[in-house]
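Heads up, the thing below is written out as structure tokens.
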Amino acid sequence: MRLFVSEGAPGSLPVLAAAGRAQGREELLISTVGPEECVVPFLTRPKVPVLQLDSGNYLFSTSAICRYFFLLSGWEQDDLTNQWLEWEATELQPALSAALYYLVVQGKKGEDVLGPVRRALTHIDHSLSRRSCPFLAGETESLADIVLWGALYPLLQDPAYLPEELGALHSWFQTLSSQEPCQRAAETVLKQQGVLALRPYLQKQPLPSSFEGRAVSNEPEEEELATLSEEEIAMAVTAWEKGLGSLPPLRPQQNPVLPVAGERNVLITSALPYVNNVPHLGNIIGCVLSADVFARYSRLRQWNTLYLCGTDEYGTATETKAMEEGLTPQEICDKYHAIHANIYRWFNISFDIFGRTTTPQQTKITQDIFQRLLTRGFVFQDTVEQLRCEHCARFLADRFVEGVCPFCGYEEARGDQCDKCGKLINAIELKKPQCKVCRSCPVVKSSQHLFLDLPKLEKRLEEWLGKTLPGSDWTPNARFIIRSWLRDGLKPRCITRDLKWGTPVPLEGFEDKVFYVWFDATIGYVSITANYTDQWERWWKNPEQVNLYQFMAKDNVPFHGLVFPCSALGAEDNYTLVNHLIATEYLNYEDGKFSKSRGVGVFGDMAQDTGIPADIWRFYLLYIRPEGQDSAFSWTDMLLKNNSELLNNLGNFINRAGMFVSKFFGGCVPEMVLTPDDRRLLAHVTLELQHYHQLLEKVRIREALRSILTISRHGNQYIQVNEPWKRIKGSEADRQRAGTVTGLAVNIAALLSVMLQPYMPTVSATIQAQLQLPAPACSILLTNFLCTLPAGHQIGTVSPLFQKLENDQIESLRQRFGGGQAKAPPKPAVVEAMATAGPQQIQVLTDEVTKQGNIVRELKAQKADKNQVAAEVAKLLDLKKQLALAEGKPLETPKGKKKK
Amino acid sequence: MAAAAELKLLEKSLGLSKGNKYSAQGERQIPVLQTNNGPSLTGLTTIAAHLVKQANKEYLLGSTAEEKAVVQQWLEYRVTRVDGHCSKDDVRTLLKDLNSYLEDKVYLTGYNFTLADILLYYGLHRFIVDLTVQEKEKYLNVSRWFCHIQHYPGIRQHLSTVVFIKNRLYTNSH
């Protein structure tokens, strides 16, 4: 046998590891060839590694070579291994070659590299953790492990590309990497240069093209059925049989909700939306909606839950907006507060309180925290150079100044940034500065300001983080942001501003100043609670009993994870600090960003006018929640998900289950006699339910939604395989079977209605009304699947839950909201050419085509070098094309380039 | 041809009674075999190999280590190359390579008919029906192999027969 390898060809890794492991190395000759050498006579494109067998046959697929080594050592092929290898070839390789190409050839880093492969990595991680097996195809290491390890090693050996949260993948990878044959293969191929060793090979490869457009995918992760033990099945059956009896009594509604000693007290906040704008879908999914799902889930678990939010109303932007609209800041806040409240009401957000920051409580609590910081020496004064408009008699905030950019000379640069060159500007550096209000020229004056001495508080903060972070559910991005701030060292932060619209600073000489939002916005949560109950301190000065979850987009992490904790720690008043900081990534709109000014994207108030129900919006936004990576809102995808997941999967299942009960059993749940298959189904549903709980406890909202859809898929499959509509017409035994299947299915539907409650509250209530689900079962979700609709239970009238979204409906919405439209087809180039091409030009071109044609023919006759011929042929084709254009003939478009 | 339809064809050609249910997954509509017990299987070639075992026709997966590896290699070729987003050029390269590979072979493994022949036949059918007489002649070995497989008992079923002309028309086409 002879193995052909090439310097830096990634395929050598698994092949050498497999060869080493199968001890087939003695008879193996290894030859190194150039990356472009054609070893296999029948393949046009070069391919390495290649194994030439003694029979003369060639194996040119990396997996097939590895498989061959394993087969030689007596291994038997099995389905699971085949499945992994097929997945590796069709899913992992395209993603991985793109990632490696970006990394090694194009020198990209971070998310650009990790993005394409993240889904594949997650898939491996999930498979490992779901099966709870140490290896891909079972208890021992096998072919699948070697092939996947070899493919992934170049990337994952750099810890930056092995995501921390994928624990199972981590340990699998470490185990394999530490084995001798793998280590040897890694040393041979990477030569301790890391991934750059692949460079000589990869830079000769074309850019992996088929991967384009697959990076941001909202496709569901595939599901696999876990293998179940007899014990698990028995436990699921026992729990099921206990039924309604095992539900605890409902906890009475409290008003106000206050922490109770000995219970789990969950305080949930959603980032306070800034009042001067209408929130877009990205804002909504980033905080209020995500927090709402968790709050609803928390209540389903019977945890003592308080969910609060409100509008953040102070600051420059409000003053600007007020000026624009000719209102007072207070009027602006009143107006927009109502707009916000309406939007969230429409989206069915279950706030216990939706308050605002412009209240006396806010002033009282902010000033109290400030005084405590001041007396403890954590605040100091310093002078800041600032622009002051003498005409308006005030210092100008960055947004109130315009001028000429000191870098690029752009005339309308803003005080903080130039829109043209994008550079950050210090307002006093602007040339020809102008007050945006009166257009007079401001002067530079120095102004006294207060600074929060963060460096002094850094040690306390680190101590607190050291206690809080381990084992908490802070999202990885939040941990990362905090870590990088701490690594760079904290700097003092200015907490005052020369504004009128804000919380007044209670200090002599600062009568004209207010607190900067940096300092007082996060205190809003506390003051909003204080407006809700005078016993607010039981929530906010009670870290022992309260579990605080804060939801936000990632740009808000520093305020919540650093500045507020520092203020609170410095105030030494036993404040409740964030236990779990849940930050999302960004949501894009179609292929770009949401933009109010360009009218691109869907904003909260417009969602209502689309005719699409709030629950559908909720579902889709949660389905694409930017959890772990950025994602994108896409109209087409929304249509697809509505029609496939909601209509065909979930809606179809729940409707069918209910319809069978009405049609075949007069609306009365039939007797259920469980067969071993049914018991297994019970156990599968239970397992998936538990998975749902695990995920939601960790606030992995998007993933938990997949569990709901998985159960419904199991349900559909169960009905499909058992065909109750046929059996109902059969023998006595068949009819009994139809009854069992229907009864089990409708109980799964009931379970789904509860699991769905955090995501789609209205749909959930509709299902529960249709099924007449008993009240306690509607509001409590246990970790076991119970029979909540026992035999004899009478259900109500069943009707379809979802409507199909039509293409033209979605297309017109896309037009209306802009962005991502199909670009107008390019005008045929003919028109352009026609205008200029006269008969003379046509003659010239015809001659040239003839001439070039002769050159090509001659070269071919001489059997000249292939590349030379190709180059001349290309010239000929180009000339022909020009001629065709000049003559106004339609171009022959190459066929077969179908769009996906 | 949708993957599920192809698997139904395969079932029939293997003499399996109906009863397997398939669903499709994701953008590429990857087939999933629904099983009532045990984990489901995903992927065309994975399910195909499973069906072969179900039908007790393991010999279709190859008998020696070499043959087994070769069968799997061509199955992988089928799902990665034949099923990819093929441009006209890709198809040409594919047929050219296959033509040169089959020069001294009756079947993909040499002398034994295997699952690789069946799935490559199903996968290539859509390209071969569109070939001109001249192209069929150009890829003579592919044509010979394809014609042979389509006449193999029970394989073609409802797929259209592709006509190959026995005498050569374009003697100087190369």
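Just so we're on the same page: letters track the sequence lines, and every chain starts at 1. Because the structure is predicted, anything quoted here is derived from the model rather than measured.
- Around the CD atom of B/Gln29, the shell of radius 6.0 Å holds more than 12 heavy atoms that belong to other residues, nucleotides or ligands.
- The distance from atom CD of B/Glu76 to atom CD of A/Glu88, rounded to the nearest 0.5 Å, is 7.0 Å.
- A heavy-atom distance below 4.5 Å is found between the side chains of A/Gln720 and B/Lys21.
- Residues A/Asn82 and B/Thr45 have side chains not in contact (no heavy-atom distance under 4.5 Å, counting atoms from C-beta outward).
- A/Tyr58 OH to B/Gln73 CD: the interatomic distance, rounded to the nearest 0.5 Å, is 12.5 Å.
- Taken to the nearest 0.5 Å, the CD atom of A/Glu91 stands 12.0 Å off from the OG1 atom of B/Thr80.
- Using a 4.5 Å heavy-atom cutoff, the side chains of B/Gln72 and A/Ser63 are not in contact.
- Across A/Pro41 and B/Ser100, no two heavy atoms sit closer than the pair O-OG, 4.4 Å.
- Ion pairing of B/Lys53 with A/Asp79 is present here, as a side-chain N (NZ or NE/NH1/NH2) and a carboxylate O approach within less than 4.0 Å.
- Both the backbone and the side chain of A/Leu43 come within contact range of chain B, each with at least one heavy atom under 4.5 Å from a heavy atom of that chain.
- Around CD of B/Gln157, the count of heavy atoms belonging to other residues, nucleotides or ligands within 6.0 Å exceeds 12.
- With chain B as the partner, the residue from A/Glu86, A/Arg67, A/Gln77 showing the most heavy-atom pairs under 4.5 Å is A/Glu86.
- With a 4.5 Å cut-off on non-hydrogen atoms, B/Leu44 touches chain A through its backbone and its side chain both.
- To the nearest 0.5 angstrom, B/Leu98 atom CG is 9.0 Å from A/Phe42 atom CZ.
- The CZ atom of A/Arg45 sits 5.0 Å away from the CZ atom of B/Arg81 when rounded to the nearest 0.5 Å.
- Ion pair A/Lys47/B/Asp97 not flagged as a salt bridge, since none of the NZ, NE, NH1 or NH2 atoms sits closer than 4.0 Å to an Asp/Glu carboxylate oxygen.
- Note that the CG atom of A/Asn57 and the CD atom of B/Glu66 stand 5.0 Å from one another [nearest 0.5 Å].
- Within 6.0 Å of atom NZ in B/Lys8, more than 12 heavy atoms from other residues, nucleotides or ligands are found, so the atom counts as buried in its surroundings.
- Considering all non-hydrogen atoms of both residues, A/Leu71 and B/Ala69 come closest at CD1-N, 4.1 Å.
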